[in-house]
Protein chains: 2
Amino acid sequence: MRLTTKGRYAVTAMLDLALHGAAGPVTLADIAFRQGISQNYLEQLFGKLKRARLVISLRGPGGGYALACKPEEISVSAIISSVGEGVDATRCGGTSDCQDGLICLTHELWSDLSHRIDEFMSAISLASLVARDEVKLVSHRQDCDTQRRIEARAVG
Amino acid sequence: MRLTTKGRYAVTAMLDLALHGAAGPVTLADIAFRQGISQNYLEQLFGKLKRARLVISLRGPGGGYALACKPEEISVSAIISSVGEGVDATRCGGTSDCQDGLICLTHELWSDLSHRIDEFMSAISLASLVARDEVKLVSHRQDCDTQRRIEARAVG
DNA sequence: GCAATACCCGACTAGAACACTCAACTAATC
DNA sequence: GATTAGTTGAGTGTTCTAGTCGGGTATTGC
Ligand code: FES
Ligand code: FES
């Protein structure tokens with residue numbers, strides 16, 4: 001089991017998309033700017049998100065990315081799986097054969113744990129994240145920040 | 001958050017200790033043999049387990065390792081933490097400052113998740129693992145296997 | 001048609017971590 | 001004093017992360 005920046009970035013970017021996608025497609029440049037993520041790295045992640053059919057893309061000027069379906073239908077679990085960060089905590093990957101082809105002492109434990117984690121993350125959708133107070137707060141702060149930085153750049 | 005072979009080995013070895021420690025100290029060679037883990041690698045892990053006061057060591061012939069306290073008092077969470085595999089799923093490590101010193105959009109989500117995982121693993125003790133049917137079964141198979149391999153070596 | 005925008009794609013890389021391995025040492029027992 | 005068994009530190013191959021870079025191609029507006 002591993003949960004690294006890859007999965008976290010993917011969820012963060014998708015949440016950004018859910019928050020700012022109402023007015024039309026959102027560019028990766030915008031997301032990268034707001035969330036402080038490398039745009040080139042985001043491109044890699046969105047390649048996977050697109051292949052997993054979680055987002056759709058629109059090319060050309062005025063283009064960008066949009067959610068492929070309603071925020072209620074996209075779970076955190078799905079996002080993380082799509083970028084290749086398995087929720088699986090077992091060593092065998094579910095095949096029960098990590099000790100010379102036989103089941104090991106602790107397989108059941110890791111299997112249970114995996115199940116718990118998946119349950120938790122499947123129950124959380126983008127919509128439920130958007131509805132959270134802290135998310136609203138942080139998002140508002142980010143928007144003000146972005147506005148300020150744009151103005152600063154226009155002046156300078 | 002990461003859960004790799006390191007943490008899994010640590011739990012497996014501790015469980016082996018709980019299963020076979022009744023008759024006195026258990027050597028790393030025994031654990032390595034039964035569980036199919038590199039003995040040298042186990043040495044490193046037991047160094048940490050000892051520093052975390054989860055096991056005690058006895059040197060010399062007839063020596064080995066023993067649990068430092070009762071199996072009911074040792075949780076899976078404690079074992080994993082002791083070898084340095086944080087259960088923490090946040091990027092900031094709890095300081096809420098991963099985006100330029102400010103809290104990021106998804107901090108709360110990862111914080112929640114970490115809490116859930118820790119709750120789950122804290123609730124599971126070595127004693128409760130020993131009591132499980134699958135563990136008993138696998139352990140019995142391992143003992144038979146070990147016996148067979150010893151006999152095979154004696155013959156050969 | 002032409003240029004600007006923005007997604008698309010593959011290759012490359014520094015650094016970190018994992019999963020070991022090796023060698024030498026000390027303490028305890030018989 | 002020989003054997004057992006824990007203790008320690010250093011080193012190593014491999015894999016992965018978290019990027020970077022450089023070039024594409026589709027779409028739009030002039
Ligand atoms: S983790 Fe599945 S068999 Fe060991
Ligand atoms: S994960 Fe804690 S601030 Fe981003």
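Lettering follows sequence order; numbering is per chain, from 1.
Separating the CG atom of B:Leu45 from the C1' atom of D:dT7 is a distance of 14 Å, rounded to the nearest angstrom. Rounded to an integer number of Å, the gap from B:Leu28 CG to D:dT4 C1' is 13 Å. Look at CD1 on B:Ile56: it is 13 Å from P on D:dG6, rounded to the nearest Å. Here the P atom of nucleotide D:dT15 and the NZ atom of B:Lys6 are 19 Å apart, to the nearest Å. With rounding to whole Å, B:Leu42 atom CG is found 10 Å from C:dC20 atom P. Distance NZ (A:Lys48) to P (C:dC7): 18 Å, rounded to an integer number of Å. In this structure, B:Gln44 atom CD and C:dA24 atom C1' are separated by 15 Å, rounded to whole Å. In this structure, A:Arg8 atom CZ and D:dA18 atom C1' are separated by 12 Å, rounded to whole Å.
Judged by distance alone, with hydrogens and angles left aside, the side-chain atoms of B:Glu85 form no donor-acceptor pair with the main-chain N or O of B:Lys6 at under 3.5 Å.
Contact annotation: side chain of A:Gln39 to base of D:dT20, donor-acceptor pair absent below 3.5 Å.
For residues 126-136 of chain B, no pair satisfies side chain to side chain donor-acceptor pair (under 3.5 Å), with sequence neighbours left out. Counting only residues at least two apart or in different chains, side chain to side chain donor-acceptor pair (under 3.5 Å) contacts with residues 56-76 of chain A comprise A:Lys50-A:Ser57. Every pair passing salt bridge (charged side-chain N to carboxylate O under 4.0 Å, His left out) that includes a residue from residues 9-23 of chain A is listed here, sequence neighbours excluded: A:Asp16-A:Arg34.
Remark: B:Leu67 CG to B:Leu17 CG distance equals 4.5 Å, nearest 0.5 Å.
One finds a side-chain N or O of A:Thr5 lying less than 4.0 angstrom from the OP1 or OP2 phosphate oxygen of D:dA18. The side chain of A:Lys50 contributes an N or O atom lying less than 4.0 Å from OP1 or OP2 of C:dC8. For the pair A:Ser57 and C:dC8, the criterion of a side-chain N or O lying under 4.0 Å from OP1 or OP2 is met. Taking 4.0 angstrom as the limit, A:Arg2 places a side-chain polar atom (N or O) nearer than this to OP1 or OP2 of D:dT17. The shortest distance between the side-chain N/O atoms of B:Ser38 and the OP1/OP2 oxygens of C:dC20 is not below 4.0 Å. Remark: A:Tyr65 is in phosphate contact with C:dC8, judged by side-chain N or O atoms under 4.0 Å from OP1 or OP2. Remark: A:Tyr41 is not in phosphate contact with D:dT17, judged by side-chain N or O atoms under 4.0 Å from OP1 or OP2.
Legend: residues meeting side chain to side chain contact (heavy atoms under 4.5 Å, CB included) with A:Ala131, ordered by chain and number and at least two apart, are absent.
Each of B:Phe46 and A:Glu85 lies near DNA chain D, and the nucleotide nearest B:Phe46 is the one positioned closer to the 5' end.
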Distance-only criterion, 3.5 Å: show the donor-acceptor pairs between side-chain atoms of residues 140-150 of chain A and protein atoms not counting sequence neighbours.
unit_1, atom_1, unit_2, atom_2, d
A:Arg141, NH1, B:Ile103, O, 2.9
A:Arg141, NH2, B:Ile103, O, 3.4
A:Gln142, OE1, A:Gln35, NE2, 2.9
A:Gln142, NE2, A:Gln35, OE1, 3.0
A:Gln142, NE2, B:Gln99, OE1, 2.9
A:Asp143, OD1, A:His20, NE2, 2.9
A:Asp145, OD1, A:Arg148, NH2, 3.2
A:Thr146, OG1, A:Gln142, O, 2.7
A:Arg149, NH2, A:Phe33, O, 3.1

Q: Indicate for each nucleotide in nucleotides 22-30 of chain D, in 5' to 3' sequence, whether protein heavy atoms under 4.0 Å reach the base (B), only the sugar-phosphate (S), or nothing (-).
A: --BBSBB--

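When all heavy atoms of A:Ile80 and A:Gly7 are compared, the pair lying nearest together is CG1-O, 4.3 Å.
Backbone-only engagement by B:Gly64 is indicated by non-hydrogen atom pairs under 4.0 Å involving sugar-phosphate atoms exclusively.
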